[in-house]
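Quick notes on the structure that follows.
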2 protein chains.
Amino acid sequence: MAPRPRRSISSPEDEVLTRSVSITDTLRSSILAGEFKPGERIYEVNLSEQLDVSRTPIREALKVLAGEGLLDYIPNRGYHVREYSVDDIVQAYEIRAALEGLAAKRAAQLGMSAEERAIVEAALRDGEALLNKSRLSSEDRNQYGIINTAIHSAIHAAGQSRMLRDMLRQSQQIAPSSHRNVIAFELSDVRRRHDDHHRIYEAILCRDGGRAELLMRDHVESIKISLLRSISRDLLPR
Amino acid sequence: MAPRPRRSISSPEDEVLTRSVSITDTLRSSILAGEFKPGERIYEVNLSEQLDVSRTPIREALKVLAGEGLLDYIPNRGYHVREYSVDDIVQAYEIRAALEGLAAKRAAQLGMSAEERAIVEAALRDGEALLNKSRLSSEDRNQYGIINTAIHSAIHAAGQSRMLRDMLRQSQQIAPSSHRNVIAFELSDVRRRHDDHHRIYEAILCRDGGRAELLMRDHVESIKISLLRSISRDLLPR
DNA sequence: CCTTGTCAAAATGTATGCATCTTTGGTTGA
DNA sequence: TCAACCAAAGATGCATACATTTTGACAAGG
């Protein structure tokens, strides 16, 4: 096999690239994009041929992804794509609600930096503009997803806890599309969520940790409810 | 190197043993026991010589432990034992409080199985007997630790959520001894904690999820407080 | 028909050699 | 003197060969 090319000198601030790390990223995206069937067995040799590397970096990537909960591993019996039942996803939302609540409380207690505030305020404004429309296109919904992520990420950052951030990432990283986790929100739902964001941010600015936590918990719990509602609608069609 | 011995046929229900897995366990214990200095660099070759295996299973073990948050990893620059500041530990308690609260709530909502109830009730009785004494020996404290773990583990199990259990484990698995995290509890503290356990269990039996959550959160938060108190006492001696 | 045993193919586990990167210490040049 | 620069040593990354385990097919026996 050809030797690994030297990293270019001119790139100023690049991520370190080892095969193992980039393969980990590739596989993670594939799994989260639902490109593997839930429960599907993952064969090292397959992947190593597909990705044109030896089994070594593949094995390391699989170990990492198993640690992240994306794969199940049984010694001598390989890896399987982890299956998430509806109940698993509901549990993940409950966990996320508890953790996001804590993050919001900490953000309120510790205060948000100027940059963090700027990000949230810009996102709130953008959301305002977007939700003025009388109907949301698919692209609009996508756009709101980005806004939503910006707000939550800023609050996570303000929580100033690496462990908390790590766990939040894990609780959100649950193969979403594989279970059509994309909840069909009504426009009114989105507006309500956006209003939640406003209130949560206000509570944080007021340094009211208790209120920020309560609001955030309910905010996330309500997504869980929507999920349950949309599922029960699917199961009992009208 | 000598070939790996076949697994014995007679052992009925043994854990699967690969070098990689058992080394992972060994290293995890060592780290948690504080046998490495915080921040210390971990060299693959060192370990492979000490443990008399090749670098391959070592590398896999290190990947897993990094995933568990016990090690920091930088590509091409190896692994370091993760350092936990006092603040990190406090954050871990906050996370644990949120998660244990959720576990207690779920246990109340879902109910505890007969076995789980038996475990808790036995532990509560044992605690009763232990705390009757007027003074606790070091062995007694140790014993109460086991009782405490039994109660909490039973509640975790009753929560019926793998993700929740995994995260709880992670939030508790923070090199305790390396930071003399062993809080010097007064006997009255321990009695109070034991009383907490009684009330929490009652709330769970009554299927009062809200109360169970509240009590459990406060229960864990109070340990955080004790930690902070004992630290500030250390820093300002009298 | 189901069970059990055997064996070969296939998959994972481990050791090892080489490639690449980091680090370190000394050297050179301003 | 100090900084930039090499070169060698040391450490990690990756490929590969071989060892071990699992699995599935097939045959023999109940």
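A, B, ... follow the sequence lines: proteins, then strands. Residue 1 opens every chain. Atom set for the values below is all heavy atoms of this structure, side chains included, hydrogens, waters and symmetry mates excluded. Keep in mind the model is a prediction, meaning the values are calculated, not measured.
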> Would one find a side-chain N or O of A/Arg41 under 4.0 angstrom from OP1 or OP2 of C/dT12?
Replying inline: yes

> Has A/Arg19 got a side-chain N or O lying under 4.0 Å from the OP1 or OP2 atom of D/dA15?
Replying inline: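 True: A/Arg19 side-chain N/O within range (under 4.0 Å) of D/dA15 OP1/OP2.
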
Interatomic distance where [atom1] belongs to [X] and [atom2] belongs to [N] [whole Å]:
X: B/Glu60; N: C/dT12; atom1: CD; atom2: P; value: 12 Å
X: A/Glu44; N: D/dC14; atom1: CD; atom2: P; value: 15 Å
X: A/Arg59; N: D/dA17; atom1: CZ; atom2: C1'; value: 14 Å
X: B/Leu17; N: D/dT22; atom1: CG; atom2: C1'; value: 16 Å
X: B/Leu51; N: C/dT14; atom1: CG; atom2: P; value: 13 Å
X: A/Ile58; N: C/dT12; atom1: CD1; atom2: C1'; value: 14 Å
X: A/Arg55; N: D/dT20; atom1: CZ; atom2: C1'; value: 12 Å
X: A/Tyr79; N: D/dT22; atom1: OH; atom2: P; value: 15 Å

>> For A/Thr24, give me all partners under side-chain hydrogen bond (donor to acceptor under 3.5 Å, both in side chains), at least two apart in sequence or on another chain.
In response: none

> Run the side chain to side chain contact (heavy atoms under 4.5 Å, CB included) check on B/Ile155 and B/His152 step by step: do they pass?
Replying inline: CA-CA 5 Å; B/Ile155 295 176; B/His152 284 273; 5.5 Å; no

> How would you label the contact of A/Ile23 with the nucleic acid (heavy atoms, under 4.0 Å): base, sugar-phosphate, or nothing?
Replying inline: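 Counting heavy atoms under 4.0 Å across all strands, no contact is made by A/Ile23.
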
>> For a quick check of understanding: with a heavy-atom distance under 4.0 Å over all strands, which category does A/Ile42 fall into, base, sugar-phosphate or nothing?
In response: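 Result for A/Ile42 = sugar-phosphate.
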
> Is it true that the side chains of B/Glu100 and B/His156 contain a donor and an acceptor less than 3.5 Å apart?
Replying inline: yes

Which one, [options], comes nearest to the side chain of [X]?
X: A/Tyr43; options: D/dC14, C/dA11, C/dA15; answer: C/dA11
X: B/Asn76; options: C/dT14, C/dC21, D/dC14; answer: C/dC21
X: B/Ser54; options: D/dA15, C/dT12, C/dT14; answer: C/dT14

> Is a donor-acceptor pair below 3.5 Å formed from side chain A/Arg77 to base C/dG13, judging by atom type as modelled?
Replying inline: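 Between C/dG13 and A/Arg77, which were checked side chain against base, a qualifying N/O pair under 3.5 Å is absent.
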
> Mapping B/Asn46 and B/Thr56 onto DNA chain D by nearest heavy atom, which one lands closer to the 5' end?
Replying inline: B/Asn46

>> Does B/Gln173 form a side-chain hydrogen bond (donor to acceptor under 3.5 Å, both in side chains) with B/Glu68? I'd like the steps, not just the answer.
In response: CA-CA 9 Å; B/Gln173 173 179 285; B/Glu68 293 180 8; 3.2 Å; yes

>> Whether A/Glu213 and B/Arg217 form a salt bridge (side-chain N of Lys/Arg under 4.0 Å from carboxylate O of Asp/Glu) is what I want to check.
In response: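 Result for this pair is yes, salt bridge flagged.
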
